[in-house]
Amino acid sequence: MDTQQILINLAAILAGAAPLIFATMGETITERSGVVNLSLDGKMLLAAMTGFAVGVHTQNVLLGFVAAAGVGMLVALVLCFVSLGLRLSQTAVGFVLALLCTDLSSFLGNPYVRIPGVAVPAQPIPVLQDLPILGQVLFQHNLLIYASFLLVPLVWWFLFRTRAGLTLRALGERPTTAYARGVPVLPLQLLYVLLGGALVGIAGAAYTLDLKQGWSYRHIAGTGWIALAIVIFGGWNPWRVAFGCYLFGALQLFATRSQSLIPNVPTQIFQVAPFALMILILVLVNAGSNPTLQRWIEQLPAPLSQPVQHVLARLNTAAPAALGQPFRRP
Amino acid sequence: MTDNLPTETTPEALPAPPLPRTRMQPAIQLLTSAAIIIGGTLLFTTLVLLASGTAPLEAYRLILSGAFRNPRTIADLIMLTAPLLLCSAGLTLTFSAGLYNLGIEGQIVIGAVLAMVPLRLLPDLPPPVLWLLALSAGASGGMLWALLVGVLRLYTNVSEIFVGLGLNFIAIGITLYLVFGPWKRPGVASMSGTEPLPEALWLPTLEGSRLVPLAPIIALVGISVVWFALTRTHWGLELRATGLNLAAAERLGVPAHARLVQSLAGCGALAGLAGALQILAVYRALIPNISSGIGFLALLVVLLVRFNPVWVGPVAILFASFSIGSIQLPLQLGIDSSIAGVLQGTLVLFALIAQGVQERRR
């Protein structure tokens, strides 16, 4: 593979991971505030369909994204009402919403299957696009992709360098303490779940209006679950989550490319590989916290057990302490 | 999150301890719940139908009555209800243990795949022996796939939700590989599946109908066994204690982790049995969509009845009738049959809302 090919691949990875960046950043914000939004998969599909449909009718890409963000927020609002307002299991409500939104997208999206729509126009950045190497990799995309580049540092800065971000994290770690300090826990959680929902909605439309243009039945089914797993892999840290997205994008690209390089391996292996990898990564990320497994590793021969323990400890991530638990006023 | 998510979320979903109340209250509660569930669902689905430009009344009539139109659709209804009941029974076990077994779709699929193995390898055995072999292979396949979830959950603390979902996709990948690879039809491989089984190997049907009486019988036995095990045995008590509070159950000497894995194994076996029935009694071949979403539908059923094994039956029949009834919608009204899924999902959502409203009032 020559340099030119490598640069093309790198640019493709960055672009291909953009929707995942939007979705995972949205979910990172949501989960950092202590709420699990398991409805991601269906919500992305519904937002993707809505964004595409609005784009078709208005011939306006921006309106498509606005509508998709609106749908994401609407679904998030339902989740908040049932799980924060009525204090029911977030897992149950999220799962039901995921299925419901998937079927809604199939039903309402029926007239839009395989028809031409609008797309985000390419917008190379003047001057910067002519930079050697960097120009081709970073600056010959469209506004959506640039936004995904900016989103990661922005979310990190907000979470870890601002007062509001500190409060947000307190919601997910010690909501009662935050409440005692005068933080309006539920309204803020509502706000951040809605914000996360809007980002997830944009992620859905990013597929139908840019990366996998057009709409078909269950267009991007499965992506939402991958996004949820990447958030866990990334330990709710924007940088590491973004790394997970790009790693996943790279592996996917590698899979599609090797399909033509190694034709005697059945294609299904490549289609399934991301999900097998998802399980493997979750196992690695969680293994460090299991006492039984720890005991096993300690019994390994010394030159092996030390590095294994080290790697597992590095990979181990801890969820926000109050994640998934409905807040009750003390 | 991965460890405490499932165990922490279940207690609120289980019946609250009885409170002193007057005789009128339960009736009022029931009426409010019914009003929320039926009113909310009708309002939402009607809006969806109107948005798609469909006459709502005509659509409702077809969905509700479609399954009972003639003996043929009734046979279809029973053949869909049977695997749905088996899966719902299995999920009642895992939900009681506090687990969200979203991997049930994959457990059905692997059950179906393994059920094919004896049918393909030993077609010359007497059919009854083969049926027994296929059913047990299916049950063990589903159990194996579920145990994978259990082992990972137990030894690495990975959430059973994500492992299960990942394994679903892998199971479908395996099916596609078999259908397009080693088990492909002579000549053309296609999404229509493998070569149909020889007619001698089909489970016997009622004369002139697609109804296989054995399927509903197996399903009824399955749900009865689960009901008995959960509510009438010490094992079931320990399982429910584990679901309510794993740490407390362990302190009391309940082998909680063993109960978690056993509930998954039981659910997997029932789901695998459902998969074997899909092969032996419904499709008579391995097709890529062999599970037909029955596992996820069963999750909705069990969430709606709040893990109560007695109500699983009626709700499973109701949901199956929506699915069968909506099959003719594309032909008659030109709309997509996924409206059945919308209706089922909305019902469960409003049932959850009704439950939350009731609990708030106390």
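Residue numbers begin at 1 in each chain, while the letters A, B, ... track the order of the sequences.
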Check: Among A:Asn110, A:Leu108, A:Val113, whose side chain to side chain contact (heavy atoms under 4.5 Å, CB included) with B:Asp336 holds?
Finding: A:Asn110
Check: Between B:Phe350 and chain A, which part of the residue has a heavy atom less than 4.5 Å away: side chain, backbone, both or neither?
Finding: neither
Margin query: Heavy-atom pairs under 4.5 Å with chain B: which of A:Gly109, A:Ser105, A:Gly85, A:Pro111 has the most?
Written below: A:Gly85
Checklist line | Option in B:Ile339, B:Leu352, B:Val348 with maximal non-hydrogen atom pairs under 4.5 Å from chain A | finding: B:Ile339
Item checked: Portion of B:Leu154 that has a non-hydrogen atom of chain A nearer than 4.5 angstrom -> backbone
Checklist line | Residue selection (most heavy-atom pairs with chain B, distance under 4.5 Å) from A:Val82, A:Leu277, A:Leu228 | finding: A:Leu228
Checklist line | Shortest non-hydrogen separation from A:Ile279 to B:Ile170 and the atoms involved | finding: CD1-CD1, 4.1 Å
Margin query: Just to verify, what does B:Phe296 make a ring-ring contact (aromatic ring centres under 6.0 Å, His included) with, not counting sequence neighbours?
Written below: A:Phe95
Note to self: Surrounding CZ of A:Arg174 (heavy atoms of other residues, nucleotides or ligands, distance under 6.0 Å), is the total greater than 12?
What the structure shows: no
Check: Which atoms of B:Leu152 come close to chain A, meaning under 4.5 Å heavy atom to heavy atom: side chain ones, backbone ones, both, or neither?
Finding: side chain
Notebook entry, point to check: Taking all non-hydrogen atoms of both residues, which atom of B:Gly341 and which atom of A:Asp103 are closest, and how far apart?
Noted result: CA-OD2, 3.1 Å
Check: Hey, which of B:Ser338, B:Gly173, B:Gly356 has the most heavy atom pairs under 4.5 Å with chain A?
Finding: B:Ser338
Notebook entry, point to check: Looking at side-chain heavy atoms only, is the closest gap between B:Asn168 and A:Phe275 below 4.5 Å?
Noted result: no
Checklist line | Smallest separation among heavy atoms of A:Ser89 and B:Tyr100, with atom names | finding: OG-OH, 3.0 Å
Next item on the list: Any chance you could lay out the side-chain contact (heavy atoms from CB on, under 4.5 Å) test for A:Phe107 and B:Leu49, step after step, and finish with the verdict?
Entry: CA-CA 9 Å; A:Phe107 182 70; B:Leu49 283 167; 3.9 Å; yes
Checklist line | Over 12 foreign heavy atoms within 6.0 Å of OH, B:Tyr60 | finding: yes
Next item on the list: State, with a plain yes or no, whether a side-chain heavy atom of B:Leu349 is found less than 4.5 Å away from one of A:Val78.
Entry: yes
Notebook entry, point to check: Near A:Phe327 CZ, under 6.0 Å, is it more than 12 heavy atoms from other residues, nucleotides or ligands?
Noted result: yes
Notebook entry, point to check: Could you go step by step and tell me if A:Leu38 and B:Ile161 meet the side-chain contact (heavy atoms from CB on, under 4.5 Å) rule?
Noted result: CA-CA 10 Å; A:Leu38 213 62; B:Ile161 295 177; 4.3 Å; yes
Item checked: Side chain / backbone / both / neither for A:Leu99 at chain B, heavy atoms under 4.5 Å -> side chain
Next item on the list: With the side chain counted from C-beta on, respond yes when B:Val163 and A:Leu282 share a heavy-atom pair under 4.5 Å apart, and no when they do not.
Entry: no
